[in-house]
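One structure below.
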Amino acid sequence: MEKIKMTTPLVEMDGDEMTRILWQMIKEELLLPYIDLKTEYYDLGLAHRNETDDQVTVDSANATKKYGVAVKCATITPNAARMTEYNLKEMWKSPNGTIRAILDGTVFRAPILIKGIVPYVKNWTKPITIARHAYGDVYKNVEIKVPGKGKAELVFTAEDGTEVRERIHTFEGPGILQGIHNTEKSIASFARACFGYAIDTKQDLWFATKDTISKKYDHTFKDIFQEIYDAEYKEKFEQLGIEYFYTLIDDAVARVIRSEGGFIWACKNYDGDVMSDMVATAYGDLSMMTSVLVSPEGVYEYEAAHGTVQRHYYKHLKGEETSTNSIATIFAWTGALRKRGELDGISELVDFADKLERACIKTVEDGKMTKSLSLISTCGNPVILNSLDFIKAIRETLEAL
Ligand code: NAP
Ligand code: MG
């Protein structure tokens with residue numbers, strides 16, 4: 001069989017631990033036999049990030065800007081324990097944070113649905129994609145523990161020295177204070193990433209805040225979304241027959257639960273943090289969540305939503321068998337290959353990505369799966385496979401499709 005040719009390289013960001021092992025298996029078993037794979041390789045494994053003073057992460061993000069599409073393996077975000085384990089020069093920042101800051105992107109997370117793994121919400125027959133605004137609000141807060149009587153004010157000092165003051169509260173006794181902020185630039189960039197992704201995936205976009213209570217802060221989010229929608233995206237949405245829909249956050253939550261899924265839910269930073277865990281859990285399993293970072297200019301970086309699966313890696317190092325689910329990592333590859341195929345007009349690449357995804361789903365639906373999936377699957381007598389045998393089973397299904 002002739003291998004599928006590529007014209008533009010994918011930016012390949014290798015990672016850490018168990019997912020780094022899966023990465024290699026996926027390439028060898030599911031990609032290299034079928035595609036003349038063209039990638040620009042960046043090793044984001046922690047050892048190499050440390051050697052390069054994390055320059056490799058910055059370089060990989062800049063390459064993503066240049067080529068437009070990247071696929072990323074899960075990576076370790078160092079903490080104190082990792083400092084010793086990897087003998088690090090510094091506690092390097094989260095690669096995802098660094099890449100997100102350079103691409104100015106928004107993360108979209110969606111579950112992979114499979115028959116036999118039933119969402120807790122029974123009417124969710126289609127995926128719900130969560131888009132989380134990743135800047136500001138309570139994540140960049142300033143807090144004070146108020147010791148006792150006194151007055152609290154919100155003060156803004158302009159460059160020319162003029163002040164705006166608002167009384168927050170006059171304390172009669174001890175209490176607490178919190179200051180949060182956001183910027184119009186960041187909100188606008190979030191809005192554009194959401195509208196763009198809705199068009200790209202032909203799904204409705206929902207957005208909700210608490211603008212009735214937060215008449216300036218949350219209302220600004222609502223207004224910026226509406227202005228950008230009217231000026232830049234309305235026509236395209238109407239052509240595609242998709243909808244932009246704004247409502248109050250409480251109403252959104254009720255509607256989401258009653259819905260059948262199949263839309264993008266744009267969330268402010270805190271809402272996105274909380275709701276993405278709720279949605280992921282309700283669909284069944286973190287190892288079945290995909291994730292893509294989309295910049296407002298339309299640059300894409302695909303990855304799995306889970307981490308490096310450290311516990312499995314330590315078993316693997318001891319020579320013990322692992323049964324780690326590679327589906328989300330495979331979907332990171334298929335997402336990136338499909339996008340590359342679309343951008344370069346290579347329909348064989350798009351078809352291959354579709355086919356490989358179907359092979360993953362069919363393998364599990366045929367009863368062959370990894371351990372964690374078998375625990376939540378309603379399929380009787382599942383065959384539990386180890387990490388490599390599961391990938392080989394997907395290859396067999398792929399060959400037979
Ligand atoms: P994790 O790697 O997502 O794993 C947590 C647990 O979830 C695993 O121990 C395993 O449970 C289960 N799990 C996750 N993915 C699975 C898969 N594909 N197949 C089977 N089971 C899976 O989270 P973590 O252990 O908290 O983090 C490990 C490292 O990953 C950390 O260094 C963290 O910084 C990093 N991380 C990276 C990213 C990223 O790069 N995007 C995201 C999150 C975390 P059992 O052990 O019970 O089987
Ligand atoms: Mg969370």
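Here the structure is a predicted model, which means the values were calculated and not measured. We count ligands from 1, going down the list as the structure has it; atoms in each ligand are counted the same way.
- Here Tyr233 pairs with Phe195 under the ring-ring contact (aromatic ring centres under 6.0 Å, His included) rule; sequence neighbours left out.
- Annotation: cation-pi geometry not satisfied between Lys149 and Phe171 (NZ/CZ under 6.0 angstrom from ring centroid, within 45° of ring axis).
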Put together the list of close N/O pairs, under 3.5 Å, between ligand 1 and the protein, could you?
{"residue": "ligand 1", "atom": "2 (O)", "partner": "Gly307", "partner atom": "N", "Å": "3.4"}
{"residue": "ligand 1", "atom": "2 (O)", "partner": "Thr308", "partner atom": "N", "Å": "3.1"}
{"residue": "ligand 1", "atom": "2 (O)", "partner": "Val309", "partner atom": "N", "Å": "2.7"}
{"residue": "ligand 1", "atom": "3 (O)", "partner": "Gly307", "partner atom": "N", "Å": "2.8"}
{"residue": "ligand 1", "atom": "18 (N)", "partner": "His306", "partner atom": "NE2", "Å": "3.3"}
{"residue": "ligand 1", "atom": "18 (N)", "partner": "Asn325", "partner atom": "O", "Å": "2.8"}
{"residue": "ligand 1", "atom": "19 (N)", "partner": "Asn325", "partner atom": "N", "Å": "2.9"}
{"residue": "ligand 1", "atom": "30 (O)", "partner": "Thr308", "partner atom": "N", "Å": "3.0"}
{"residue": "ligand 1", "atom": "30 (O)", "partner": "Thr308", "partner atom": "OG1", "Å": "3.2"}
{"residue": "ligand 1", "atom": "32 (O)", "partner": "Arg82", "partner atom": "NH2", "Å": "3.0"}
{"residue": "ligand 1", "atom": "34 (O)", "partner": "Thr77", "partner atom": "N", "Å": "3.0"}
{"residue": "ligand 1", "atom": "40 (O)", "partner": "Lys72", "partner atom": "NZ", "Å": "3.4"}
{"residue": "ligand 1", "atom": "40 (O)", "partner": "Thr75", "partner atom": "N", "Å": "2.9"}
{"residue": "ligand 1", "atom": "40 (O)", "partner": "Thr75", "partner atom": "O", "Å": "3.4"}
{"residue": "ligand 1", "atom": "40 (O)", "partner": "Thr75", "partner atom": "OG1", "Å": "3.4"}
{"residue": "ligand 1", "atom": "41 (N)", "partner": "Asn96", "partner atom": "ND2", "Å": "3.0"}
{"residue": "ligand 1", "atom": "41 (N)", "partner": "Glu303", "partner atom": "OE1", "Å": "3.3"}
{"residue": "ligand 1", "atom": "46 (O)", "partner": "Arg311", "partner atom": "NE", "Å": "2.6"}
{"residue": "ligand 1", "atom": "46 (O)", "partner": "Arg311", "partner atom": "NH2", "Å": "2.8"}
{"residue": "ligand 1", "atom": "47 (O)", "partner": "Arg311", "partner atom": "NH2", "Å": "3.3"}
{"residue": "ligand 1", "atom": "48 (O)", "partner": "His312", "partner atom": "NE2", "Å": "2.8"}

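- Cation-pi geometry between Lys268 and Phe221 is satisfied (NZ or CZ under 6.0 Å from the ring centre, within 45° of the ring normal).
- Ring pair Trp23/Trp333 is tilted by interplanar angle, where 30° to 60° counts as tilted.
- The shortest heavy-atom contact between Arg49 and Thr75 is NH2-CB, 3.6 Å.
- The cationic atom of Arg340 (NZ for Lys, CZ for Arg) does not lie both less than 6.0 Å from the six-membered ring centre of Tyr302 and within 45° of the ring axis.
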